[in-house]
Amino acid sequence: MFADYSGSELLSIFAMQGFAGLILFSVFVLMALGLAIIFGQMGVINMAHGEFMILGAYVTYLVSRAFEAWAPGLFGAYFFVAMILAFFVSGGLGMAVEWLLIRRLYKRPLDTLLATWGLSLILQQIYRMVFGAREVGVTIPEWMMGSLVLSDMIEVPINGLFVMALAVGISAGVYILMYRSRWGLQVRAVVANRTMADAVGINTERTDRMTFAIGCGVAGVAGAAFTMIGSTGPTAGQLYIVDTFLVVVFGGAGSLIGTIASAFSISQAQSILEFFLSGSMAKVLTLLAVVGILMVRPQGLFALKLRK
Amino acid sequence: MTMTSPATSAALTKAAPPRQGAFLDRTETMGAIALAVLIFVILPLALDPFRLNLFGKYLTYAFVAVGLVLCWGAGGILSLGQGVFFGLGGYALAMFLKLEASSPENTAIQSTPGIPDFMDWNQITELPFWWQPFHSLTFSILAVIAVPAFFAFVIGTAMFRRRVGGVYFSIITQAIAAILTILIIGQQGFTGGVNGITDLRTMKGWDIRSDEAKTILYFVNGGLLFACLALAQFVRRSKLGRILIAMRDREDRVRFSGYDVASFKIFVFCLGAAFAAIGGAMFTVQVGFMSPSFVGIVPSIEMVIFCAVGGRNSILGAVWGTLLVNWAKTLFSEAFPELWQLGLGALFIAVVLIFPDGLAGLWKTHVNPRIERLFPRRTTPTVPAE
């Protein structure tokens with residue numbers, strides 16, 4: 001399969017596909033981080049996670065329209081406003097959902113799965129009714145357009161680089177939140193031993209609600225980032241939900257490093273295979289490999305040792 | 001890993017213990033008769049052939065729902081990939097029917113006569129070797145059951161032997177549904193792609209497209225469904241059924257009592273897959289095509305809701321639930337397609353929060369006590385109005 005290409009061509013192919021894989025990796029990481037918090041820490045299956053992400057994307061779309069109409073001079077900065085807004089809108093909806101739905105179902109994980117699937121159908125339909133069935137795209141600010149030319153065969157788009165930087169930044173933020181803040185300590189305490197955490201005075205119910213809300217908020221930010229490299233439709237979230245769950249499960253639920261490592265390996269495998277095979281076969285092979293490995297090692301790449 | 005909903009275990013303790021020896025208790029007998037009257041008498045008399053065929057299609061989903069009652073309601077294993085088995089069963093029969101429809105005379109205008117039209121469109125000049133055995137009806141019918149059951153066996157063995165269960169199992173079955181869909185759509189030269197296998201005409205020379213054939217198939221369908229119901233009831237009443245429920249509620253304890261938990265799970269998962277496959281095969285003949293839109297994540301999870309609405313602990317309830325949800329879907333999506341999506345979403349939430357035991361649970365708590373009061377003992381079973 002390599003015979004038709006010369007050495008330098010192969011190198012460029014790997015570099016370009018590797019870079020495409022890095023963008024995919026960033027998207028996976030952004031999506032999976034929210035899920036890693038919600039599923040990994042709380043054990044809650046949120047099938048509507050993709051819809052929280054799309055909510056962030058629609059918020060970005062609205063903000064970009066608002067800036068276009070009322071503050072065209074500041075257009076270059078709209079994305080940062082949108083990102084913060086997306087975090088709070090998605091997080092707020094997450095908090096409401098936790099209060100209305102999820103907290104009643106903590107002991108019934110399979111039922112949570114069905115209920116959140118219902119929620120995702122409702123949200124999709126609301127998006128369709130509000131924004132129309134067609135995909136919407138945002139205008140990318142000027143400074144993000146164009147690409148960086150590294151050599152005559154390798155060039156990297158700036159919006160891709162930006163999304164990557166964002167993924168790194170948000171991962172670092174989540175890490176600090178989980179492992180360096182008091183709140184993170186409480187979350188980890190509740191995960192490790194709910195009864196004891198309760199006994200030492202942690203408000204476990206509030207911790208649950210905040211955890212869920214922050215997970216959803218991170219999904220919203222992921223959605224905002226997503227608008228920089230693709231358009232947004234009502235059902236876009238559903239396309240990624242299985243991939244995202246596989247990333248989290250493959251990485252080992254509860255392990256942040258594992259989530260990042262698995263997002264990296266899955267996205268790289270997929271984008272490199274994509275060049276040699278058709279897109280669908282690349283995806284099939286990657287997913288099959290992941291499922292196969294999970295059957296041999298159900299706890300995922302990085303298992304968190306927990307007393308259940 | 002497997003956790004029990006308080007609602008289901010509450011229902012379990014509420015339910016009267018079945019009388020020893022009786023295959024069906026009184027409520028179940030009444031329910032079965034009512035269902036039989038509905039399927040074999042009321043619907044065929046009341047509906048025109050088109051609508052009857054539509055209900056025939058719903059009945060094919062009921063096979064999946066009955067399988068899910070065994071896996072999920074009794075066994076506590078929620079598979080979100082039942083569409084895989086429905087699809088495999090359906091495709092196995094569709095391949096046979098397609099080969100019969102693609103006889104060299106019928107396909108004389110193709111550049112390679114005698115192969116299915118979609119292969120010809122994709123510049124394939126020879127029938128792939130794994131299509132060859134599907135020239136035989138006997139082989140195809142065996143494959144309808146054997147392929148999905150084997151597939152379920154492999155998945156089940158790999159997962160349950162390593163004690164993967166609960167939500168992990170659900171996610172992985174969902175991933176498998178996604179993989180199979182992508183594979184079928186991607187390999188359109190071999191599978192018919194996103195359109196599926198269409199234009200099926202005859203089965204051993206018998207035209208399956210005529211109204212008469214569809215009516216006959218409807219009754220075959222109903223008969224097979226009752227056979228599956230009887231088998232499911234047999235399993236539920238056997239010791240195996242009790243172990244399943246014990247396993248669902250307290251898996252470790254069953255394991256420590258010396259039972260091989262994984263084997264029971266694998267068995268019930270394979271049985272559920274076989275039921276789904278029969279449904280898929282009946283769908284193919286009844287509706288006349290099979291496509292990846294019945295394999296993926298969305299149809300698979302919708303099949304779970306049919307079962308949940310009917311009642312995850314009741315095989316008859318699952319059939320009622322399937323018929324009702326699909327009938328409502330046809331009714332609403334014809335008139336207000338937008339509202340249906342919202343309604344379906346609300347249904348998922350309501351069935352979890354408000355009536356976790358589904359229609360069967362409502363029947364048991366609200367309707368049945370009144371019937372018991374009206375007809376204290378040993379009366380002729382009444383047909384409940386729908």
Side-chain angles (χ1 to χ4, degrees), chain A residues 39 43-45 47-48 100-101 104-126 128-129 133 234-235 238-239 241-243 245-246 248-250 253 277-288 290-292 294-300 308, chain B residues 1-8 72 76-78 80 154-155 157-159 161-188 297-298 301-302 304-305 308 338-353 356:
Chain A
F39 176 58
V44 169
I45 301 270
M47 295 301 285
L100 287 169
L101 195 65
R104 296 161 209 272
L105 300 169
Y106 279 129
K107 296 221 169 79
R108 295 151 62 186
L110 294 180
D111 285 2
T112 316
L113 201 162
L114 292 181
T116 50
W117 181 264
L119 179 70
S120 83
L121 291 181
I122 292 175
L123 288 177
Q124 272 173 33
Q125 188 56 36
I126 292 175
R128 206 171 285 136
M129 277 149 64
T235 50
Q238 212 172 50
L239 296 177
I241 190 72
V242 171
D243 289 344
F245 267 112
L246 276 187
V248 175
V249 175
F250 185 56
L277 301 161
S278 68
S280 66
M281 277 318 280
K283 182 138 197 186
V284 166
L285 284 181
T286 317
L287 291 183
L288 266 184
V290 170
V291 168
L294 277 177
M295 284 178 175
V296 182
R297 197 180 153 79
Q299 68 273 41
K308 289 258 157 123
Chain B
M1 194 109 305
T2 325
M3 286 196 212
T4 321
S5 67
T8 48
W72 177 37
I77 312 161
L78 177 56
L80 296 180
V154 172
I155 298 171
T157 309
M159 313 267 285
R161 287 272 172 237
R162 305 197 69 91
R163 301 192 185 172
V164 178
V167 291
Y168 288 86
F169 182 77
S170 304
I171 291 174
I172 292 190
T173 47
Q174 203 170 37
I176 291 169
I179 294 172
L180 190 65
T181 317
I182 300 172
L183 192 65
I184 290 174
I185 294 177
Q187 298 297 310
Q188 58 174 338
I297 296 170
V298 178
I301 203 164
E302 252 180 50
V304 173
I305 205 66
E338 299 195 332
L339 286 182
W340 169 248
Q341 188 84 359
L342 289 178
L344 187 65
L347 198 60
F348 270 98
I349 295 175
V351 85
V352 165
L353 282 185

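These figures come from a predicted structure and were not determined experimentally. Sequence lines set the chain letters: A, B, ... in the order given, protein chains first and strands last, and positions in each chain run from 1.
- Proximity to chain B (any heavy atom under 4.5 Å) is restricted, for A:Leu113, to the side chain, taken from C-beta onward.
- Per-residue heavy-atom pair counts under 4.5 Å with chain A were compared for B:Ile176, B:Leu183, B:Ile349, B:Ile301, and the maximum is reached by B:Ile301.
- B:Leu180 does not touch chain A: none of its heavy atoms, backbone or side chain, sits under 4.5 Å away.
- A:Leu110 has its side chain out of reach of A:Leu114: every pair of non-hydrogen atoms, C-beta onward, lies at least 4.5 Å apart.
- Residues satisfying the ring-ring contact (aromatic ring centres under 6.0 Å, His included) test with B:Phe169, not counting sequence neighbours, are B:Phe160, B:Phe269.
- Rounding to the nearest 0.5 Å places CZ of A:Arg108 at 7.0 Å from CG of B:Leu353.
- With sequence neighbours excluded, the residues that form a side-chain contact (heavy atoms from CB on, under 4.5 Å) with B:Val298 are A:Trp117, A:Gln238, B:Glu302.
- Using a 4.5 Å cut-off between heavy atoms, A:Leu105 touches chain B through its side chain atoms alone.
- Rounded to the nearest 0.5 Å, atoms CG (A:Leu101) and OG1 (A:Thr116) are 7.5 Å apart.
- Ranked by non-hydrogen atom pairs under 4.5 Å with chain A, the options B:Arg162, B:Arg161, B:Met159 are led by B:Arg162.
- Side-chain atoms of A:Arg104 come within 3.5 Å of backbone atoms of A:Leu100 as a donor-acceptor pair (strictly under, hydrogens ignored).
- Looking at B:Ile179, the atoms closer than 4.5 Å to chain A (heavy atoms on both sides) sit in the backbone and in the side chain alike.
- The candidate from A:Val290, A:Ile126, A:Leu287 with the greatest count of non-hydrogen atom pairs under 4.5 Å with chain B is A:Leu287.
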